[in-house]
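Have a look at the structure below, then the notes.
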There are 4 protein chains.
Amino acid sequence: MTHPPTPPGRFPTPPPPRKRDAQSTREKLVRAALDLFTSQGYHETTTPQIARRAGIAEGTIYRHFSSKEQLLNEIYRAAARLFIQSIKDTSPTAPCRERLETIAKSWRTIAHYNPNAARLVFQSQIKPLLDPRSRETENELKSEIEKIIAAGKASGQVRVGSAETWAAVWLRVIALMLERTADKTWPPDQPASQNAIDAAWLAIAANQTTASAAPTTPPPP
Amino acid sequence: MTHPPTPPGRFPTPPPPRKRDAQSTREKLVRAALDLFTSQGYHETTTPQIARRAGIAEGTIYRHFSSKEQLLNEIYRAAARLFIQSIKDTSPTAPCRERLETIAKSWRTIAHYNPNAARLVFQSQIKPLLDPRSRETENELKSEIEKIIAAGKASGQVRVGSAETWAAVWLRVIALMLERTADKTWPPDQPASQNAIDAAWLAIAANQTTASAAPTTPPPP
Amino acid sequence: MTHPPTPPGRFPTPPPPRKRDAQSTREKLVRAALDLFTSQGYHETTTPQIARRAGIAEGTIYRHFSSKEQLLNEIYRAAARLFIQSIKDTSPTAPCRERLETIAKSWRTIAHYNPNAARLVFQSQIKPLLDPRSRETENELKSEIEKIIAAGKASGQVRVGSAETWAAVWLRVIALMLERTADKTWPPDQPASQNAIDAAWLAIAANQTTASAAPTTPPPP
Amino acid sequence: MTHPPTPPGRFPTPPPPRKRDAQSTREKLVRAALDLFTSQGYHETTTPQIARRAGIAEGTIYRHFSSKEQLLNEIYRAAARLFIQSIKDTSPTAPCRERLETIAKSWRTIAHYNPNAARLVFQSQIKPLLDPRSRETENELKSEIEKIIAAGKASGQVRVGSAETWAAVWLRVIALMLERTADKTWPPDQPASQNAIDAAWLAIAANQTTASAAPTTPPPP
DNA sequence: TATGAATGAGTTTTCATTCAT
DNA sequence: TATGAATGAAAACTCATTCAT
């Protein structure tokens, strides 16, 4: 019962299409910055590089973004929104596992077609550079997943434990899958990818023999 | 059957120079750099900051390390070695799950007493800054886990799928647990921590009903 | 039969960028650096000093030259080319002595109007800082003189001995004349200057009584 | 009528032989600094390098010299004194040419056995670093030669022109010979060396046909 | 006298940002 | 809106010199 993966739209969806060309400049800028930030890292990328790759003048960056950091945050949020939208596109009434799997697969499609967006959101060595608004967006993504998992817990599909924990666990495993998809290590139709999606679920699913290998003892002071 | 968690030794054990103050200076330096790198990030940390926090002069950094980058790498390797040693301290004949659990718990102890070492190795937004030697060390850690998992697979305890994949999955979930331990969100003796350790195992364990929610279809071109 | 000394053109002729101020900035920079390098020495000159004297910001230096060393080399080559051009402007068919004298005098004119260029090329405590391209230029100058002297030797005007040696000797004496001209100790129209030019020729000319005062004996071990 | 070249004594002759070891340290220091300054240049040589090569501790330099610059000047003067002494060792009554030739040959012997001393005094890219005392020593050397040449002029052996000029000319050519001797390009018993000595004399000797190739005209303003 | 770790002022260089055009 | 030369604050790093031992 797959959602036929639909190729995700252009990224990032630029807010208000004003002049044809103005928008195009901003778009070129965003694309160039996204490429460079995700391939080289934020600090390793200079504004002259961005401008050169975008084919515009250095000063022009500041007609569209107030700073390099704001440019990063704007791109981050646009990318994160892509993934949040995927969540919202799933049926709220579907069973937990199915819904998570649908999300995972549509994220995978995004990562396949827009690897840099995936890298920015999930691989991100950029956490310390995010501004409050971006952190909010980041939290929104996490809490959407958390809500789904909380629902699954309520209906006994997810193991006991905090929904926050399971959301974090699930996201970590899915992040791995997305990174491997983004860097073309795992083609989307190969088993490794599906294995990871399954693993993410099994990590948090109920009804498994979970007898701990050993009881936990607190470490001494 | 826990290892009684022993408070891990001083970090990082500096190699040979055992003179009065020399060691102390290097130690102060390492501690300051570790603190700042893990809390602010590498690029956000300046050499004046490191010196100030260590209570030494800026130039003194360069009597002990040839560059800021070398300082980072030296610290990274010392930290990674801590975790690698934990692996080697476990019995190679123990069942896979038990062995992984023992490792996870001793890593948790390290993260509890030495949170920054854990952050540097597992949270790390610093991957692009590691030099070849450090990457080797990183790989050593990964491959030790991989070997354990490969053995578990051979004896049917780990699910079908590449050992590399399962090692990566397991490490991601354990990394989450270590981060939460390091930032004191999850006290080591609370269930959240154990839940995550269990989840890491369940993600890769055999003998579970893994019927996929839906067959995978490749994304359209 | 003198060449009427023509005041040499602006120095250094910067290659292509012909925009309003860009050229002027580069020119100011080159002039300031040339002044300071030749009066204080390269190492004694700091980039803040250069910028201050050029009336520009320190960072601006690096929009025009990739390093302080490249700045030096660029200036050096521009200066050396001035002197090389003078050689090429002389008639290849003129007798050796006449040709060398013409060169010496046109060099003197350069040294008079552009003393720093002469200092950079002939006084130069900067040899160890020259890059390969600059050394090539330096060699070009030397070998042009050497060719003239070799021709003079072939026609019996120059004494027996290697042309390389005589070129080096001639250049040393002319260098003295140029330094004295550059620092206005010897006005170009005074006899001291002409005496030095004559001396340079007599040092290498044929047909003189050269009976050595004493035979050479090798030094003891 | 050559002076049989006597191998010059140890350099530099250290002033007051106090303790055996104290002196030896100073000597090691001077030797190391001389080597490094002449091979790498003053600025390219660091005090740690000097100390390392001398086999002493960094701080020890400052027990013997108040600064790196003073060390240079001390060495320079010791080296220059070597050459000045050679002048004083010649007979004041010998004919000008003979005396100059004797000096040149004994300098050549010094350059052969103590190339670095010759480099420091004659090649010297270090002029801007000399202190007043060193400049005095430098002038002493020049004026000793000048006196000899003035005497030669008085007796008609040297051409018309200022003795200062002829001293400078002679020294330039001899400097070339010394550099080539120091770097072993010209073995002392080969003709190139003698040719240069002859050239130095011919450059300034009287009784030659010196008809200028062309009369000098002053450059235009 | 000798040591050598520590110092800190000073160096070159980078680069996000500004602003006159 | 776009340009790109210029800016200057701040970065990493150097090294002659000091000083407690």
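Here is the naming used below: chain letters follow the sequence lines, and residue numbers restart at 1 for every chain. Note that the structure is predicted; figures quoted are calculated from it, not measured.
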Taking any heavy-atom pair under 4.0 Å as a contact, classify I56(B): base, sugar-phosphate, or nothing. sugar-phosphate
Taking the nucleotide of DNA chain E with the closest heavy atom to each, which residue, H43(C) or Y42(A), is nearer the 5' end? H43(C)
Just the rounded figure in Å: distance from P of dG4(E) to CZ of R26(B). 18 Å
State which residues pass side-chain contact (heavy atoms from CB on, under 4.5 Å) with S67(B); sequence neighbours excluded, sorted by chain then number. E69(B), Q70(B)
For K127(A), side-chain contact (heavy atoms from CB on, under 4.5 Å) partners two or more places apart: S124(A), L130(A), E138(A), Q125(B)
Any side-chain N or O of H64(C) less than 4.0 Å from the OP1 or OP2 oxygen of dA6(F)? yes
Respond yes when some side-chain nitrogen or oxygen of T25(C) is under 4.0 Å from OP1 or OP2 of dA6(F), and no when none is. yes
Without decimals, in angstroms, what is the distance between I50(D) CD1 and dT17(F) P? 10 Å
Rounded interatomic separation in angstrom, taking CZ from F65(B) and P from dA5(E): 14 Å
Every stem of 3 or more Watson-Crick or G-U pairs under 3.5 Å that DNA chain E joins, in order of first number, is E:2-21 with F:2-21
What does the list of N/O pairs under 3.5 Å between the protein and nucleotides 8-11 of chain E look like, with a distance for each?
from: dG8(E); atom 1: N7; to: G59(B); atom 2: N; distance (Å): 3.4

Going by the rule salt bridge (Lys or Arg N to Asp or Glu O under 4.0 Å), which residues pair with R53(A) if we only count those two or more places apart in sequence or in a different chain? D35(A)
In Å, rounded to the nearest 0.5 Å, how long is the span from OG1 of T60(D) to CD1 of I50(D)? 12.5 Å
Could you tell me whether E74(B) and R81(B) have a side-chain N and a carboxylate O separated by less than 4.0 Å? no
Output yes when at least one side-chain N/O atom of Y62(C) is less than 4.0 Å from OP1 or OP2 of dT14(E), else no. no
Test side-chain contact (heavy atoms from CB on, under 4.5 Å) applied to Y62(B) - qualifying residues, sequence neighbours left out: T47(B)
Below 4.0 Å: OP1/OP2 of dA5(F) and any side-chain N or O of R63(C): yes
Could you tell me how far apart R52(C) (CZ) and dT12(E) (C1') are, to the nearest whole angstrom? 15 Å
